[in-house]
Amino acid sequence: MLDMKYIRENLEEAERRLGTRGGAACLDGFRALDDRRRSLLRESESLKAVKNAVSEEIGKVKDKSLVQDKIVEMREVSGRIKVLDDELKLVDDELQNFLLTVPNLPDPSTPLGLSENDNVEIRAWGTPGTFNFPAKPHWEIGEELGILDFECGAKLAGARFTLYRGAGARLERALINFMLDLHTGSHGYEEVLPPFMVNRESMTATGQLPKFEDYLFKMVDPEYFLIPTAEVPVTNIHRNEILKKSDLPICYAAYTPCFRREAGSYGKDTRGLIRQHQFNKVELVKFAHPAESAAELEKLTADAEKILQLLELPYRVMALCSGDIGFSAAKTYDIEVWLPGQSCFREISSCSTFGDFQARRGGIRFREDEKSKPEFVHTINGSGLAVGRTLVAVLENYQQDDGSVIIPAVLRPYMGGVERIS
RNA sequence: GGAGAGAUGGCCGAGUAGGUCGAAGGCGCUCGCCUGCUAAGCGAGUAUACUGGGAAACCGGUAUCGAGGGUUCGAAUCCCUCUCUCUCCGCCA
């Protein structure tokens with residue numbers, strides 16, 4: 001959520017910055033609602049001041065018959081207040097609902113552009129390997145090895161679900177453990193294991209709701225939402241808290257499955273593991289001092305990259321342009337891994353800083369000094385990494401001409417010493 | 001699922017025959033004083049949000065005692081609904 005005072009005082013600048021996301025940035029109506037709200041508030045509150053003062057006088061008088069006229073008068077004032085407050089509530093709700101659907105302002109360092117074609121490559125690591133045979137896509141490798149069963153996934157649940165078997169299931173688990181061990185052991189993150197379902201408040205704080213309910217899986221009674229990313233529960237750990245400045249940055253790493261409706265992506269990536277309704281991810285989440293958030297985003301991105309480096313998987317880092325960043329993000333780096341079976345780079349991590357956008361929605365604050373006003377922290381998060389897609393990258397980059405797949409050296413301890421799946 | 005108990009400020013904990021309670025007291029914390037160190041002691045201060053005024057320091061108003069409604073001139077205190085926590089029983093990975 002954007003700061004109301006900022007919008008009030010910088011309406012045109014806010015519209016211009018939002019406009020860089022593409023589409024019409026429309027803050028029309030904000031000013032009218034805001035003015036209406038404040039005028040109602042002023043009127044209601046001044047009446048309450050009168051009511052409070054008179055009620056206090058009435059309280060001091062023993063014989064209420066002496067103040068009967070005041071009681072009657074206040075009865076009318078109370079009625080008037082009720083009317084004003086009812087309308088205020090309507091205006092307030094409308095204003096809140098409006099603000100909750102306004103996306104974050106792109107950070108000044110976010111490149112301008114309209115689509116993914118305008119994203120900017122920041123750096124690349126590793127060299128795509130060459131194969132003396134036609135490189136296969138992972139779904140062929142996985143099916144031939146009997147470790148990925150797409151048919152059975154469809155039987156059990158439907159399209160975009162997969163059954164992992166044997167070494168495939170173990171490789172997924174190995175990747176999860178490898179990632180968590182690295183981030184907690186070497187990068188300073190605390191491991192957390194959150195609920196995989198959350199309530200509406202949590203989804204609203206991180207920005208999935210109210211605007212993107214269609215993208216989520218939802219339980220109706222009682223109402224719960226399956227998390228689309230661990231970002232949601234982990235960011236909400238500190239919802240409505242005032243953190244100690246000395247504790248910042250707070251860094252969490254969490255493994256969770258993620259559940260996404262993938263509404264609007266019909267026909268896209270229908271083969272293989274790339275786009276599933278359920279997938280595993282290790283997520284990194286930070287709560288940082290505003291002055292440190294830019295640097296923390298760089299560090300977090302580097303932490304995610306380290307996984308690919310140790311797995312020796314080639315990748316590139318892209319700065320998403322203003323038209324391609326997510327609703328809540330101010331700045332995003334995508335890490336894209338090389339997939340030889342499909343001859344393309346595919347997103348395997350998305351690392352973003354949200355500025356105070358999520359913190360304001362969630363009431364996550366800190367104090368600069370003991371006596372100063374609480375300020376909003378900045379939240380930062382990124383995949384470290386998407387596990388299913390990492391498995392895809394391992395299968396495709398480490399495939400051999402005999403159909404087997406070499407296990408990267410760093411994963412072998414997690415695979416019971418297995419060096420090759422064949 | 002059944003039966004009970006509870007939810008107050010950073011923490012602990014008073015306050016329910018409605019009335020000056022944003023809320024006693026204690027702890028913690030901050031700033032001063034004092035003690036040549038440490039401990040103790042003394043004094044003052046110590047919530048948040050919105051809103052009005054002001055360049056600012058700051059001053060005023062309103063709201064908040066789990067959440068939301070209601071009764072009342074007036075509610076932490078009464079009524080209703082919901083959420084969460086705890087205890088016991090049942091069931092269960």
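Residue numbers start from 1 in every chain, and the chains themselves are labelled A, B, ... in the order their sequence lines are given, proteins ahead of strands.
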Given protein heavy atoms under 4.0 Å, the one-letter contact record of nucleotides 65-75 of chain B, with B base, S sugar-phosphate only and - none, is simply ----SS--BS-

Which pairs count as ring pair (Phe, Tyr, Trp, His ring centres under 6.0 Å) when at least one residue sits in residues 8-57 of chain A, sequence neighbours excluded? none

Look for any protein N or O under 3.5 Å of an N or O in nucleotides 51-55 of chain B and output each such pair with its distance, or none.
| unit_1 | atom_1 | unit_2 | atom_2 | d |
| --- | --- | --- | --- | --- |
| B:U51 | OP1 | A:R8 | NH2 | 3.0 |
| B:U51 | OP1 | A:R37 | NH1 | 3.4 |
| B:G52 | OP1 | A:R38 | NH1 | 3.3 |

For A:T206, side chain to side chain contact (heavy atoms under 4.5 Å, CB included) partners two or more places apart: A:Q208, A:E231, A:V232, A:T235, A:N236, A:Q358

Pairs under 3.5 angstrom, nitrogen or oxygen only, protein versus nucleotides 28-32 of chain B, please.
| unit_1 | atom_1 | unit_2 | atom_2 | d |
| --- | --- | --- | --- | --- |
| B:U30 | O2' | A:K371 | NZ | 3.3 |

Using the 3.5 Å cut-off, write out each protein N or O paired with an N or O of nucleotides 77-80 of chain B and the distance between them.
none

Sorted by chain and residue number, the ring pair (Phe, Tyr, Trp, His ring centres under 6.0 Å) partners of A:F212 (sequence neighbours excluded) come out as A:Y215, A:F327

Only stems of 3 or more consecutive Watson-Crick or G-U pairs count here, both distances under 3.5 Å; name the ones for RNA chain B, or none. B:1-7 with B:83-89, B:10-12 with B:25-27, B:28-33 with B:41-46, B:47-53 with B:58-64, B:66-70 with B:78-82

Enumerate the residue pairs fulfilling ring pair (Phe, Tyr, Trp, His ring centres under 6.0 Å) with a member in residues 280-302 of chain A, sequence neighbours excluded, ordered by first and then second residue. A:H238-A:F287, A:H289-A:F366

Under 4.0 Å between a side-chain N or O of A:K62 and OP1 or OP2 of B:G19? no

Output the residues of residues 360-368 of chain A in contact with RNA chain B, where contact means a heavy atom of the residue under 4.0 Å from an atom of the strand; sort by number or write none. A:R365, A:R367

Inter-nucleotide C1' distance (B:G22, B:A75), Å rounded: 14 Å

Contact residues, residues 190-202 of chain A to RNA chain B [heavy atom, < 4.0 Å]: none

Which residues satisfy the side chain to side chain contact (heavy atoms under 4.5 Å, CB included) test with A:R173, sequence neighbours excluded? A:R170, A:N177

We want to know whether A:S328 and A:N104 form a side-chain donor-acceptor pair, criterion being a heavy-atom distance below 3.5 angstrom. no

